[in-house]
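In what follows, a structure is listed as structure tokens, so that the remarks can point back to it.
Positions are given from 1 along the sequence.
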Amino acid sequence: MSDFAIYAEVVEKVRRLMLAYQASVKAEYIALCHRDGSLIAEVGNLPSCPEPSLLAVLGNGAYDSAKQMGGMLGGENFQSVSFSGENRSVYISSADNALLLLQVFPGPKLPNRVEDFNRLLVEKLLEAVPTFTQNTSKLI
């Protein structure tokens with residue numbers, strides 16, 4: 001479980017940053033989740049996915065698998081994982097040691113420079129909410 005409290009005003013600040021990012025990259029859905037699978041904030045919706053918390057847990061599993069693969073490949077430190085389907089693409093990245101950003105985009109390809117835009121969002125989130133970097137839980 002998470003070892004820090006998230007207050008309503010903090011969640012609202014996070015949601016505003018995520019909404020601005022969502023509009024700029026045209027993401028269908030974005031979730032900021034703790035590495036234990038807890039949803040911290042989400043914007044957008046996925047009508048085909050009635051249980052977003054399950055998506056967060058599966059995203060964590062996919063990210064963990066990528067980290068393990070990196071270790072097997074000589075210590076490669078993978079920072080993100082992505083998937084492409086016929087109708088949607090998914091990008092999952094670390095936002096901090098205990099946080100992940102899960103992003104769903106329409107279409108089979110990720111937007112150009114998604115890594116750069118994602119990095120900017122992470123910087124803004126960590127700057128806006130110092131609590132995230134004070135987390136003592138290191139679940140990676």
Side-chain angles (χ1 to χ4, degrees):
M1 294 299 289
S2 309
D3 64 350
F4 56 83
I6 303 294
Y7 298 102
E9 61 271 7
V10 171
V11 171
E12 191 51 39
K13 184 187 289 187
V14 167
R15 282 183 44 75
R16 282 194 305 271
L17 286 168
M18 290 170 60
L19 281 167
Y21 175 80
Q22 179 188 25
S24 69
V25 297
K26 305 206 179 356
E28 191 173 354
Y29 176 80
I30 303 171
L32 178 65
C33 50
H34 191 273
R35 299 284 284 125
D36 68 4
S38 303
L39 282 173
I40 295 170
E42 60 183 331
V43 295
N45 64 16
L46 294 171
S48 62
C49 181
E51 191 56 49
S53 60
L54 181 55
L55 192 63
V57 169
L58 292 171
N60 273 292
Y63 186 81
D64 286 343
S65 294
K67 295 294 277 185
Q68 292 297 320
M69 287 174 60
M72 292 176 67
L73 297 172
E76 194 66 37
N77 189 17
F78 294 136
Q79 295 299 310
S80 65
V81 63
S82 62
F83 302 96
S84 298
E86 291 178 18
N87 300 311
R88 289 191 174 95
S89 54
V90 176
Y91 183 77
I92 304 166
S93 66
S94 174
D96 186 55
N97 286 329
L99 303 172
L100 288 181
L101 272 170
L102 186 144
Q103 304 168 50
V104 179
F105 297 93
K109 292 187 176 187
L110 292 170
N112 291 334
R113 300 184 55 214
V114 71
E115 295 91 358
D116 296 333
F117 291 122
N118 181 78
R119 191 174 311 110
L120 289 172
L121 174 60
V122 167
E123 287 172 10
K124 288 179 187 268
L125 287 171
L126 296 179
E127 180 182 295
V129 189
T131 305
F132 291 155
T133 59
Q134 296 167 2
N135 184 355
T136 59
S137 174
K138 303 296 183 200
L139 300 176
I140 292 181

Does [X] belong to the same Ile/Leu/Val/Met/Phe/Trp/Tyr cluster as [Y], with side-chain heavy atoms less than 4.5 Å apart forming each link?
{"X": "L55", "Y": "L39", "result": "yes"}
{"X": "L32", "Y": "L120", "result": "no"}
{"X": "L126", "Y": "L121", "result": "yes"}

Legend entry - Qualifying residues under side chain to side chain donor-acceptor pair (under 3.5 Å), relative to S93, sequence neighbours excluded: N118
Inset, instruction - Go through the structure and list residues passing side chain to side chain donor-acceptor pair (under 3.5 Å) with S53, not counting sequence neighbours. - result: E51
With heavy-atom distances below 4.5 Å as the criterion, would you say the side chains of [X] and [Y] are in contact?
{"X": "P108", "Y": "N87", "value": "no"}
{"X": "Y29", "Y": "C49", "value": "no"}
{"X": "L99", "Y": "L101", "value": "no"}

Just to verify, what does [X] make a side-chain contact (heavy atoms from CB on, under 4.5 Å) with, not counting sequence neighbours?
{"X": "F105", "result": "V25, A27, S89, Y91, Q103, L110, P111, V114"}
{"X": "N77", "result": "K67, Q79"}
{"X": "N112", "result": "none"}

I'd like a table of donor-acceptor pairs (distance under 3.5 Å, sequence neighbours excluded) in which one partner is a side-chain atom from residues 8-19, with atom names and distances.
unit_1	atom_1	unit_2	atom_2	d
K13	NZ	A128	O	3.3
R15	NH1	E42	O	2.4

Legend entry - Linked hydrophobic residues, L54 as query - side chain contacts closer than 4.5 Å: L58
Legend entry - Whichever hydrophobic residues join M69 through chains of side-chain contacts under 4.5 Å: L73, F78
Inset, instruction - Supply the atom-to-atom distance I40 CD1 to C33 SG, rounded to the nearest 0.5 angstrom. - result: 7.5 Å
Inset, instruction - Output the distance between atom CD1 (I92) and atom OG (S82), rounded to the nearest 0.5 Å. - result: 9.0 Å
Inset, instruction - Indicate the atoms forming the closest heavy-atom contact of L102 with A56, along with that distance. - result: CD1-CA, 4.5 Å
Inset, instruction - Mind jotting down which residue pairs meet the salt bridge (Lys or Arg N to Asp or Glu O under 4.0 Å) criterion with at least one end in residues 78-89? Sequence neighbours excluded, please. - result: E28-R88
Inset, instruction - Using the salt bridge (Lys or Arg N to Asp or Glu O under 4.0 Å) rule, collect all pairs that involve residues 115-126, keeping only residues at least two apart or in two chains. - result: R113-D116, D116-R119
